Protein chains: 2
Amino acid sequence: MDKPPARKAPTIKEVAARAGVSVMTASRAVNGKALVSAKAQQAVERAVKELGYVPNASARALAGNVDRRVALLHSHSTTSAYLGELLLGALGEAPQRHLHLVVEQCAPGAFAEEIVDQVAQAHVAGVILPPPLCDWSDLVDGLRARDIAVVAVAPDQDGPDMLSVGTDDRHAAYDLTRHLIELGHRRIGFIEGNPRHRANSRRVQGFRDALIHHGIDLDEALIVPGDFSYRSGLDAAERLMSLPVRPTAIFACNDDMAAAAITVAHQRRINVPADVSICGFDDTPLASAIWPALTTIRQPIRDMSREAIGLLAMRFRSQEEGGDDIIGKVKLDYQLIRRQSDAVPARH
Amino acid sequence: MDKPPARKAPTIKEVAARAGVSVMTASRAVNGKALVSAKAQQAVERAVKELGYVPNASARALAGNVDRRVALLHSHSTTSAYLGELLLGALGEAPQRHLHLVVEQCAPGAFAEEIVDQVAQAHVAGVILPPPLCDWSDLVDGLRARDIAVVAVAPDQDGPDMLSVGTDDRHAAYDLTRHLIELGHRRIGFIEGNPRHRANSRRVQGFRDALIHHGIDLDEALIVPGDFSYRSGLDAAERLMSLPVRPTAIFACNDDMAAAAITVAHQRRINVPADVSICGFDDTPLASAIWPALTTIRQPIRDMSREAIGLLAMRFRSQEEGGDDIIGKVKLDYQLIRRQSDAVPARH
DNA sequence: CTGAAAGCGCTAACAC
DNA sequence: GTGTTAGCGCTTTCAG
């Protein structure tokens with residue numbers, strides 16, 4: 001005898017029947033919003049467990065009319081890895097906040113206005129904007145002009161009246177530098193990112209602060225320019241390695257440039273990390289793909305999109321209650337990922 | 001005067017009214033399934049456009065009772081980039097096939113049975129399994145035992161009665177090798193991947209075939225072992241570079257090992273690509289992050305998940321019609337991505 | 001605190 | 001071809 005092939009998902013009706021209460025009470029108990037007697041609550045909870053009941057999201061959305069849609073907008077320049085993390089966070093959080101997530105890609109050469117139209121036609125109430133979209137003011141303004149809530153993810157410049165999530169880059173750079181100092185390094189090279197990005201200046205600042213706070217004189221020759229690309233990291237590292245007195249450690253403003261520095265070291269038969277420690281920033285896939293794997297700073301991208309959804313939900317709630325538009329900013333903790341590219345400096 | 005803040009999405013009712021037909025006709029016209037007069041069809045289409053009507057997925061799912069859920073299951077070892085691509089493809093295709101996609105991550109050390117339970121409790125009718133999950137037979141069998149359709153993405157071993165999507169690795173390796181041969185290379189080194197993976201043997205096979213078909217004698221010393229890791233690529237490349245007669249080109253079985261080969265070349269002050277061409281496989285983010293950027297093979301991951309959704313939809317349709325379980329396999333075209341790591345061999 | 005009735009937007013099923 | 005009726009599973013009223 002086969003088991004019956006028809007396995008329809010249990011409905012709230014069945015749960016109610018089994019718990020001996022009305023459908024309405026069951027609904028309330030499941031959602032936990034309204035007041036329900038402890039007894040009813042427990043009965044329902046048991047029934048739910050026994051039946052393996054999962055609320056039907058469609059029905060819920062339809063009935064509640066609260067199926068607000070939010071979009072995760074991404075451009076061609078968002079890397080798959082970044083997007084993947086963003087998606088994972090947002091997809092996980094959205095249902096819990098009673099939001100429906102849609103994913104929109106903006107066309108390569110599109111104007112801000114076109115994108116705004118596209119988003120508006122999707123009938124979304126809010127948009128999550130990862131970099132670099134979040135720094136495109138025409139786009140942000142256009143969206144807001146149409147009453148679409150915008151939350152910026154790791155924006156380069158963070159307007160005071162914006163919803164945003166991000167990490168404290170300055171502080172992260174400070175911590176990474178301190179880590180190197182505590183290892184015993186005193187001569188630390190720094191490879192800058194694109195000077196037009198605020199993220200870069202914040203990281204440089206953190207680096208400088210750490211040096212100062214630990215009473216280390218900064219040799220300006222140790223700070224060399226770069227632009228976040230691997231290619232630029234190659235040149236920057238060459239300069240650092242050619243210095244009369246070589247640094248014992250190098251802090252690159254991102255992983256790509258750190259990887260480039262490792263390549264240069266290898267080329268010169270300088271051992272990493274025995275002869276020179278090299279650290280990156282961002283914890284991209286590259287960081288763990290190369291050898292030695294990079295000690296770097298990880299931004300909790302997944303958590304960021306989770307929080308972004310939360311911020312949106314909060315804004316909607318406040319709108320429903322007729323309040324002013326809430327502005328919110330959340331700063332998430334970064335993480336120092338220690339791998340194999342750093343060590344105590346060699347003794348002379 | 002402000003514009004009215006309440007912007008409810010238009011319903012099919014409004015569309016019907018505007019088009020001067022009944023709701024049902026509008027529904028049929030929108031879905032294109034049933035027969036509708038050309039006139040009504042056009043009227044509805046115009047109304048849809050003018051109102052910016054988008055069918056409410058929840059209502060549709062609820063009414064049709066066809067809101068089949070499918071899961072994209074991923075393990076901790078699926079990289080974010082791979083997952084991101086998979087997600088993009090699946091998220092785009094699922095709604096069109098009237099499927100609702102959920103994303104499930106399986107717990108790090110979980111047993112197959114636990115994962116099967118988890119999936120079953122999510123009430124999904126089908127699961128997309130990226131590698132390495134698709135090669136975990138306990139998991140696959142467990143799922144199928146519960147009548148959950150499984151589609152394997154780029155499986156290492158492809159059972160005859162399985163739904164699967166993938167690319168022709170052997171053929172891709174053949175093409176990449178031919179590319180090198182056409183450039184003028186005759187002495188081509190090959191860095192193998194983990195010998196336990198079929199993907200590896202298929203790639204080796206393609207390489208050998210290409211050599212044979214072009215009348216090039218294969219020097220077995222040119223095929224060196226690796227295991228797909230950067231670390232192993234370093235060792236393999238060292239062996240290749242130490243050969244009495246160095247190869248003029250190296251084909252590494254994946255990008256990580258190709259990147260390692262480039263590092264080794266740099267170390268030895270061998271120019272890439274002037275002195276040695278180096279190609280990878282997979283087109284991971286690494287391929288374009290390093291310098292010179294890798295010429296490699298790209299698998300259309302996004303398309304794969306799209307096709308996977310299609311396969312699932314097809315299977316469900318056939319089930320509804322009471323037919324046998326359809327088995328389907330789709331092979332997608334890979335792409336040879338030419339970047340800067342290959343060139344015509346140097347003349348002696 | 002609980003329940004009954006009504007309806008969310010849409011599509012099966014059956015009429016015309 | 002087209003319209004009518006009913007109902008998907010749930011939550012919102014509004015009465016108890």
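Computation of the quantities below employed the complete heavy-atom set of this structure, encompassing side-chain atoms and omitting hydrogens, waters and symmetry-equivalent molecules. Note on naming: letters A, B, ... go to the chains in the order of the sequence lines (proteins, then strands), and numbering restarts at 1 for each one. Worth saying up front: this structure is predicted, and the values here are computed from it rather than measured.
Under the 4.5 Å side-chain criterion, counting only non-hydrogen atoms from C-beta, A/Leu73 is not in contact with A/Ile128.
D/dG3 atom C1' lies 8 Å from atom CZ of B/Arg28, rounded to whole Å. If you take NE2 of B/His100 and C1' of D/dC8, they are 16 Å apart, rounded to a whole angstrom. Spacing between atom CG of B/Leu62 and atom C1' of C/dA12 amounts to 12 Å, rounded to whole angstrom units. One atom, NZ of A/Lys13, and another, P of C/dG3, lie 15 Å apart when rounded to the nearest Å. In this structure, A/Tyr53 atom OH and D/dG9 atom C1' are separated by 7 Å, rounded to whole Å. Put simply, CD on B/Gln42 is 15 Å from P on D/dG1, counting in whole angstrom units. Protein atom NE2 of A/His98 is 13 Å distant from nucleotide atom P of D/dC10, rounded to whole Å. Rounding to whole angstrom units, CD of residue B/Gln41 and P of D/dG1 are separated by 12 Å.
The side chain of B/Ser22 contributes no N or O atom lying less than 4.0 Å from OP1 or OP2 of D/dT2. At D/dT11, one or more side-chain N or O atoms of A/Asn31 fall inside 4.0 Å of OP1 or OP2 (strictly under the cut-off). In this model, the phosphate group of D/dG9 is not approached by any side-chain N or O of A/Thr11 to a distance below 4.0 Å at OP1 or OP2. At the phosphate of D/dC10, neither OP1 nor OP2 sits under 4.0 Å from any side-chain N or O atom of A/Ser27. Contact annotation: A/Thr25 side-chain N/O to C/dC1 OP1/OP2 distance is not under 4.0 Å. One finds a side-chain N or O of A/Arg60 lying less than 4.0 angstrom from the OP1 or OP2 phosphate oxygen of D/dT11.
Of the candidates D/dC10, D/dT2, C/dT2, D/dC10 carries the atom nearest the A/Asn56 side chain, counting heavy atoms from C-beta on. Picking from C/dT2, C/dG9, D/dT2 the nucleotide with the shortest atom distance to the side chain of A/Ala40 gives C/dT2. Listed nucleotides D/dT11, D/dG7, C/dG3 differ in distance to A/Val23; the shortest reach to its side chain belongs to D/dT11.
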Side-chain atoms of residues 20-32 of chain A: list all donor-acceptor pairs with protein atoms under 3.5 Å, sequence neighbours left out, distances to 0.1 Å.
| unit_1 | atom_1 | unit_2 | atom_2 | d |
| --- | --- | --- | --- | --- |
| A/Ser22 | OG | A/Met24 | N | 3.4 |
| A/Ser22 | OG | A/Thr25 | N | 3.2 |
| A/Ser22 | OG | A/Thr25 | OG1 | 3.1 |
| A/Asn31 | OD1 | A/Arg60 | NH2 | 3.1 |
| A/Asn31 | ND2 | A/Ser27 | O | 2.8 |

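Not one N or O on the side chain of B/Arg302 forms a donor-acceptor pair closer than 3.5 Å with the backbone of B/Glu85. Distance alone, capped at 3.5 Å, places no donor-acceptor pair between the A/Ser305 side chain and the A/Ala308 backbone.
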Next on the checklist: Applying salt bridge (Lys or Arg N to Asp or Glu O under 4.0 Å) to A/Asp325 and A/Arg144, what does each step give before you reach the verdict?
Outcome noted: CA-CA 12 Å; A/Asp325 272 2; A/Arg144 298 172 80 180; over 6 Å; no

Item to check | Check against salt bridge (Lys or Arg N to Asp or Glu O under 4.0 Å), A/Glu93 and A/Arg97 | outcome: CA-CA 6 Å; A/Glu93 188 71 9; A/Arg97 301 291 195 157; 3.0 Å; yes

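Between B/Lys329 and B/Met162, the shortest heavy-atom contact is NZ-O, 2.8 Å.
Between the axis at the start and the axis at the end of the helix from C/dC1-D/dG16 to C/dC16-D/dG1 there is an angle of 30°, using five pairs per end and rounding to 10 degrees.
Comparing B/Leu35 and A/Val54 by the nucleotide of DNA chain D that holds the closest heavy atom to each, the one mapping nearer the 5' end is B/Leu35.
Screening residues 102-113 of chain B for salt bridge (charged side-chain N to carboxylate O under 4.0 Å, His left out) gives no qualifying pairs among residues at least two apart or on separate chains.
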